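Please read all numbers here as calculations on a predicted model, not as lab measurements.
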2 protein chains.
Amino acid sequence: MSEERARERGEQPSGRVDEARMAAWQVFLGAHAAIIARIERDLAAAGVIPLTWYDVLIELYEAPDRRLRLHELADAVVLSRSGLTRLVDRLAAAGLLRREPDPADRRGAFAVLTAEGVRALGRAWPVYSRGIDRYFARDLNDEEARAITAALGRVRDAAREP
Amino acid sequence: MSEERARERGEQPSGRVDEARMAAWQVFLGAHAAIIARIERDLAAAGVIPLTWYDVLIELYEAPDRRLRLHELADAVVLSRSGLTRLVDRLAAAGLLRREPDPADRRGAFAVLTAEGVRALGRAWPVYSRGIDRYFARDLNDEEARAITAALGRVRDAAREP
DNA sequence: CCACAACAGTTGCTATTACAACTACATGCA
DNA sequence: TGCATGTAGTTGTAATAGCAACTGTTGTGG
C-alpha cells in the first residue's frame, strides 16, 4: 500500500506517530488500566471468579461441545503455554473444568467445561456486565462504539499474527 | 442525567449492554492484549527497558523538576502502593531514579529521575514508538483516532475515581 | 494541646505469570 | 521404515503484583 493512498483515506503514513494518534494511544492505555482495575475489584467484592477465569470459561462455553485443546485456549486468551497449564490446574482444582485426553492426539488434552463451570459463569456475568456498562459502554455513543469496533478490530487482527 | 437525554445523544441507556457495545468491549480487550504482548516482545528483543519502567520514568520526565512523590507516581501508573515501592526499588538499583526525602513531609519521599534514567528513556523510545505505530496508530484513520481519544478519554476519567 | 483518625511508605506473605528445559508424541521425507 | 524435526503440554525457577499488617508522621476536633 502506497503512502499516498493511505493518506487519501485518512490513514497515517507509516513511520512516525502523530500527536492525534499518540493521544489515542495514551487514552487507550489509561482507559484499559482504569476499567480493568475497577471491574476486578467489583468481581472480587462480589465473591465471583476473576476476569482471567471468566475469559477461559467463556471461551470454552462458546466452543463446540464446550471443549478446546489447551493450545487453542492459550491462543484465545493470550497466555503463555505454561501460564495456561497452571491456570487450567487451578480451574480444574476448583471443579470448573476438567482435562480429558484427546483420543486423536495422545500428546494433547482438552479442557472441558463442567456444570459447575457454567454456574460460575452465570454468577459472574451479572457483576461483569454491570461493570462493562458502568465503566465503559455507558460513556460511548453509537458512532463511537462503531468506530472503536471497526478500528480496534483491525488493529487486533494485525497485531495478532506472530 | 435522564435516559431520554442519553438516548437522544446516541448514548446507551444504562443497565444492559447492547450488542454493538459488547463487540466494542471485546475488541478493546483483544486489541490491548495483542498490542501490549507485541510491544513488550520488541522492547525485550532490543534490550531496552520494559513498558512498566518506561511508564514510571516518562511520568517523572514530564513532572516539574522531574520528580514526584511516590503516591502520585502510584496513582499515575495505576499500581498498588506496595507494587510501586518495589518497582522504585528496582529502578533505583538500576540507577534510573533515586529516592529523595521530602523536607516538607517526613513521611514521604520523592522519586527523582537521574541522567541515566533519561538515557534509558531515550534508548527505549525509538523501539516503543515504532511499536505504537506498527501495532496501533498505522491502522487508524483520522476520524477513528479522534473518536477513540474522545470516547476513551471520557471513559478513563469516569473509571478513575474510586 | 493532645488523643485519635488518616496518610505515606515498607515489609511478609502469597498468587500469578513467563522463560527455558524437559518428556512424550506426531509427522515428514529419504 | 526410521530418523530428524516439530508440536503439546508440564515443570523448575525467577520476576512481578497485590493484600494485610506494621511503622512513623501529619493533621484535626474537642
Side-chain angles (χ1 to χ4, degrees), chain A residues 32-34 36-45 47 49-57 60 67-94 96-112 162, chain B residues 32-34 36-45 47 49-57 60 67-94 96-112 162:
Chain A
H32 183 272
I36 296 298
R38 285 290 208 112
I39 290 180
E40 286 288 17
R41 280 172 47 90
D42 290 355
L43 291 169
I49 56 174
L51 219 37
T52 43
W53 288 32
Y54 191 92
D55 285 346
V56 166
L57 297 184
L60 293 179
R67 71 181 51 212
L68 284 174
R69 286 290 299 269
L70 296 192
H71 68 273
E72 299 175 302
L73 208 43
D75 291 347
V77 301
V78 193
L79 204 62
S80 72
R81 293 297 169 85
S82 65
L84 187 82
T85 291
R86 270 144 193 169
L87 180 49
V88 167
D89 287 346
R90 275 170 271 152
L91 289 165
L96 307 185
L97 58 75
R98 61 192 150 77
R99 272 181 238 254
E100 200 167 287
D102 183 347
D105 183 346
R106 280 187 303 174
R107 288 172 301 183
F110 289 103
V112 187
Chain B
H32 182 272
I36 295 297
R38 283 291 207 113
I39 290 181
E40 285 287 19
R41 278 172 47 90
D42 290 355
L43 292 170
I49 57 174
L51 219 37
T52 43
W53 290 31
Y54 191 91
D55 284 347
V56 167
L57 298 184
L60 292 178
R67 73 181 50 213
L68 283 175
R69 284 290 299 268
L70 296 192
H71 68 273
E72 299 175 301
L73 207 43
D75 290 347
V77 301
V78 193
L79 203 62
S80 71
R81 294 296 170 85
S82 64
L84 186 82
T85 292
R86 284 182 245 225
L87 181 48
V88 166
D89 287 347
R90 274 170 278 161
L91 288 164
L96 307 186
L97 59 75
R98 62 191 150 77
R99 271 182 239 252
E100 199 167 286
D102 183 347
D105 183 346
R106 280 186 303 175
R107 286 172 301 184
F110 288 103
V112 188

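Nearest heavy-atom pair, B/Val112 versus B/Leu60, reported as atom, atom and distance to 0.1 Å: C-CD1, 4.4 Å.
In this entry the distance linking CD1 of A/Ile49 with P of C/dT16 reads 13 Å, nearest Å. For B/Asp55 and D/dT16, the CG to P distance is 14 Å, given to the nearest whole Å. Whole-Å rounding puts the A/Arg41 CZ to D/dA17 P distance at 19 Å. Between the CG atom of A/Leu91 and the C1' atom of C/dA15 there is a distance of 14 Å, given to the nearest Å. One can place CH2 of A/Trp53 at 11 Å from P of C/dT17, the figure rounded to the nearest angstrom. Residue A/Ile36 contributes atom CD1, which lies 16 Å from atom C1' of D/dA17 at whole-angstrom precision. Between the P atom of D/dC19 and the CD atom of A/Glu40 lies a distance of 10 Å, rounded to the nearest Å.
Place B/Pro50 and B/Ala104 on DNA chain D by their nearest nucleotides, and B/Pro50 ends up nearer the 5' end.
Considering only side-chain N and O atoms, B/Arg106 lies nowhere under 4.0 angstrom from the phosphate OP1 or OP2 of D/dG24.
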In the 5'-to-3' direction, what one-character label does each nucleotide of nucleotides 3-10 of chain D receive under the scheme B = base within less than 4.0 Å of a protein heavy atom, S = sugar-phosphate only, - = no such atom? ---BBSSB

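Between the CG atom in B/Leu97 and the CG atom in B/Leu87 there is a gap of 8.0 Å [rounded to 0.5 Å]. Distance CG/A/Asp75 to CZ/A/Arg81: 6.0 Å, rounded to 0.5 Å. Residue B/Tyr54 holds its OH atom at 13.0 Å from CD of B/Glu40, rounded to the nearest 0.5 Å. Within the model, atoms CG of A/Leu91 and CZ of A/Arg98 stand 14.0 Å from one another, a figure rounded to the nearest 0.5 Å. With rounding to the nearest 0.5 angstrom, the CG atom of B/Leu68 is 5.5 Å from the CG atom of B/Leu73. For the atom pair A/Leu79 CG and A/Thr52 OG1, the distance stands at 8.5 Å (nearest 0.5 Å).
Taken over five-pair windows at either terminus, the axes of the helix from C/dC1-D/dG30 to C/dA30-D/dT1 are inclined to one another by 20° (rounded to 10 degrees).
B/Leu87 comes within 4.0 angstrom of nothing in the nucleic acid, heavy atoms only.
Partners of B/Asp105 according to the salt bridge (Lys or Arg N to Asp or Glu O under 4.0 Å) rule, which considers only residues two or more places apart in sequence or in another chain, are B/Arg69, B/Arg107.
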Passes side-chain contact (heavy atoms from CB on, under 4.5 Å), A/Leu70 versus A/Arg99? Steps please. CA-CA 9 Å; A/Leu70 296 192; A/Arg99 272 181 238 254; 3.8 Å; yes

